[in-house]
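Both ligands and their constituent atoms are indexed starting at 1 by order of listing. Since the model is a prediction, treat every value here as computed from it, not as a measurement.
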Amino acid sequence: VAFRTGTFRPLAVSDARLTEGFWGDRQDLNDTAIIPHAAEWMTKLDWVRNFEDAASGLPYSHRGREFADSEVYKIIEAISWEIARGRTDHADLLDRLISSVLAAQEPDGYLHTLFGRAWQRPRYSDFQWGHELYCFGHFLQAAVAHHRATGDERMLRGARALADHVCVMFAPGGLDRVCGHAEIELGLAELWRETGDRRYLDQASVFIERRGTGTIPLHEFGRAFWQDDLKVRDADVLRGHAVRALYLAAGAADVAAETGDDELRSALERQWRQTVARRTYLTGGMGSHHMDEAFGEDFVLPPDRSYCETCAGVASVMFSWRLLLATGEAKYADLIERTLFNVVATSPSNDGHAFFYANTLHQRVTHSLPSLNEDGVVIRGGAAGRQAWFEVSCCPPNVARTLASLGAYVVTESDHAIQIQQFVAGVFQTSSATVRISTDYPRSGTVEIEVDAVTPGTAVHIRIPAWADGARLRRTGDETAPPAGDYALVADVQDGERITLVLPMQPRLSRADDRVDAVRGSLAVERGPEVLALESVDLPEGWPLDEVALASGAAPVERDGSVWVDVVRLPQTDDADWPYARPETTAATRVPASVSLVRYHDWAERGPSTMRVWIPVSGT
Ligand code: FUB
Ligand code: ZN
């Protein structure tokens, strides 16, 4: 996102180089494992061949779902960002993918491999599920990424032709419809930024205003599923299908910021606030319905039914990012951090060859599917462990494009100031200084920020996360205790100056609002930005997870690089014909133990296990 307006300006991906540490390592994994893995699967399943067959002009059977094209576009986007950050290993693959895709584009700019040929359904005959405009949106984003990374015009030309076609077809007075899945809005706004052609931003705005006017036929999931129940500017909270809702909100945030529409922007800020306050899991995950992959009602956040699709995490980062740039408020960067560590980083396995689609906060049964379904695809992810690939495989390529472009989320700038939004080791080139961040965060809370080649009069603003009460900030001869939940201001930095931030990393207990009744009486443990979890493999031999409670009054402690808590095994009950009885009156024996917790993003890496983030507290 190269916002033209707003409070903060982002850096280009090419101006950020992650060096090492948590995110640098994951970027490398993306380059060496995740991207090749995803490209192999979409080749093996003939999702790339769809384009080649379409170009041949001969009849073919389309492979994959309606949105298979979009997965290829997301990988093109991911590889483009890899090139922008200096990695060229997949440049040949990228060229091949782009050639296949462009060969399938029709003379009038239209590009979708499932619709419009003589033997296929007609174009624009299924706005509910067809995903045509959704795929176009991903194409436009990929094309902009490719152009920014390489300067090559090929794909951008294709994007202009496609967007021109959309502007003609869907202009007011034309096809008065919206896509069942928002996404085109984001692509059009990006294309406007890249080309300066105002028609694209105007068309994005047309789609935003048209949503909520009931143009999508009624469906059993209801109008809210497609966000077609209310106009975007009239809604108070995100609802319906989570990824759809979040992409729409992110696209609307683009339009609001770039057109200076303050009413729309404040509607989105209101929706963000209420969604975060009432419909978001501790991990930052969003969506608690499995059937329709949707947001639940306020405070309906059952951990064992948490859907928290990885794509919803990616989309939430995109929405918060746009509001962060527009408003300059630190809370958006806080949620980005929480979501990156606990949703985006949770999805891929440590070897980059398997992914969570849904990210549950409570796994009740051991998932013992073959260590990945290596030869086939599973339909979605459910909660059944990480899988190599899915029939609906939106998540792995979404992780790939996010990791590849992650450098751009770390540092922003404004007039005479630089903001450190995330604590990620790397070198960042702003227009007023070179910033080097050195840290092994979140292992430790120490973050060194060194600024060189500084334009005199530049200030550095450092985000102090809302959980970081007791943070310390040092610059030469001066130590302060900046308040949590805002930016600490370091005025007038000097060339070569080193600033040290020390964040408090003691593990902490968290409770939920009582209205999240599914976890009432339970506590969770967090350390820095990471949510921790109790995983069965860490329990004493023979202890089932559902018989374990947190010892009353227990405080988590850090020992040998892990966080430990005192737990008890509840008295074992014999199976009864009826599992309900009067409350106990006598104190029963509870067996104590001390167990270590796993970082949530690392769970399910040690064989079949059960896991819970929220741990019930033992009564006595
Ligand atoms: O519809 C395309 C993608 O498939 C959605 O964003 C995901 O939720 C999955 O349903
Ligand atoms: Zn997904």
Side-chain angles (χ1 to χ4, degrees), residues 34 38 41-42 45 47 62 64-75 77-78 112-115 126-139 141 178-187 216 219 221 224-228 238-251 283-296 306-319 339 343-348 354-360 377-384 386-403:
I34 297 176
W41 270 98
M42 49 188 79
L45 295 174
W47 297 356
H62 179 272
R65 295 289 300 259
E66 306 87 330
F67 38 86
D69 293 359
S70 71
E71 314 310 356
V72 179
Y73 302 151
K74 277 187 255 175
I75 283 300
E77 182 182 341
H112 198 289
T113 61
L114 180 62
F115 292 94
D126 181 2
F127 281 96
Q128 280 186 325
W129 300 111
H131 287 77
E132 286 158 286
L133 291 161
Y134 167 87
C135 289
F136 298 173
H138 279 297
F139 180 90
Q141 287 181 317
V178 295
C179 185
H181 199 313
E183 164 64 29
I184 182 72
E185 301 80 0
L186 286 159
I216 302 183
H219 180 269
F221 292 159
F225 175 82
W226 332 87
Q227 298 74 47
D228 200 27
L238 298 187
R239 68 244 168 267
H241 183 272
V243 185
R244 285 170 166 82
L246 286 154
Y247 279 171
L248 178 67
T283 51
M286 294 186 184
S288 56
H289 288 186
H290 280 238
M291 186 176 70
D292 52 352
E293 306 186 297
F295 283 100
S306 44
Y307 196 64
C308 299
E309 182 181 336
T310 302
C311 286
V314 168
S316 161
V317 168
M318 292 166 70
F319 180 32
T339 310
V343 180
V344 176
T346 305
S347 175
F355 305 84
F356 276 125
Y357 180 112
N359 294 278
T360 189
V377 290
V378 293
I379 295 204
R380 285 195 207 139
R386 294 182 179 90
Q387 292 293 328
W389 203 248
F390 309 92
E391 186 197 335
V392 174
S393 234
C394 42
C395 298
N398 234 347
V399 169
R401 67 179 183 145
T402 306
L403 290 176

Problem set entry | Nearest neighbour of atom 6 (O) of ligand 1 from the list E66, E183, E391, H181, on a heavy-atom basis | H181
Seminar exercise, completed: Short version for R65: what comes under 4.0 Å of ligand 1, heavy atoms counted, is neither
Exercise. Quick one: does T402's side chain have a donor or acceptor within less than 3.5 Å of a partner on N398's backbone?
Worked result: yes
For this session: To the nearest 0.5 angstrom, please state how far the CZ atom of F295 sits from the CD atom of Q227.
Result: 8.5 Å
For this session: Could you list the atoms of ligand 1 found under 4.0 angstrom from a heavy atom of V392?
Result: 4 (O), 9 (C)
Exercise. Hey, would you say the Y73 and H138 ring centroids sit under 6.0 Å apart?
Worked result: no
For this session: Indicate yes or no: at least one non-hydrogen side-chain atom of H181 is less than 4.5 angstrom from one of Y247.
Result: yes
Exercise. Counting both backbone and side chain atoms, is some N or O of Y134 under 3.5 Å from an N or O of ligand 1?
Worked result: no
Exercise. E309: which N/O/S atom is nearest the Zn ion (ligand 2)?
Worked result: OE2
For this session: Would you check whether H241 reaches within less than 4.0 Å of ligand 1, judged by its heavy atoms?
Result: yes
Exercise. What are the atoms of ligand 1, with element, lying closer than 4.0 Å to any heavy atom of H131?
Worked result: 1 (O), 2 (C)
For this session: May I ask you to decide if the ring planes of H219 and W226 are parallel, tilted or perpendicular, using 30° and 60° as cut-offs?
Result: perpendicular
Problem set entry | Test side-chain contact (heavy atoms from CB on, under 4.5 Å) applied to C179 and E132, step by step | CA-CA 7 Å; C179 185; E132 286 158 286; 6.0 Å; no
For this session: Could you please spell out the steps behind the side chain to side chain donor-acceptor pair (under 3.5 Å) verdict for N359 and T310?
Result: CA-CA 7 Å; N359 294 278; T310 302; 2.9 Å; yes
Exercise. Under 6.0 Å between ring centres, would you say that holds for F225 and W129?
Worked result: yes
For this session: List every atom of ligand 1 that sits less than 4.0 Å from any heavy atom of E309, numbering the atoms from 1 in the order shown and giving each element.
Result: 7 (C), 8 (O)
Problem set entry | Contact partition for Y357 relative to ligand 1, non-hydrogen atoms under 4.0 Å | side chain
For this session: Using a strict cut-off of 4.0 Å, indicate which atoms of ligand 1 neighbour a heavy atom of V243.
Result: 6 (O), 8 (O)
Problem set entry | Geometry at the Zn ion (ligand 2) - C311 SG versus C394 SG angle, rounded to 10 degrees | 110°
For this session: Compute the minimum heavy-atom distance from C394 to ligand 1 and say whether it is under 4.0 Å.
Result: yes
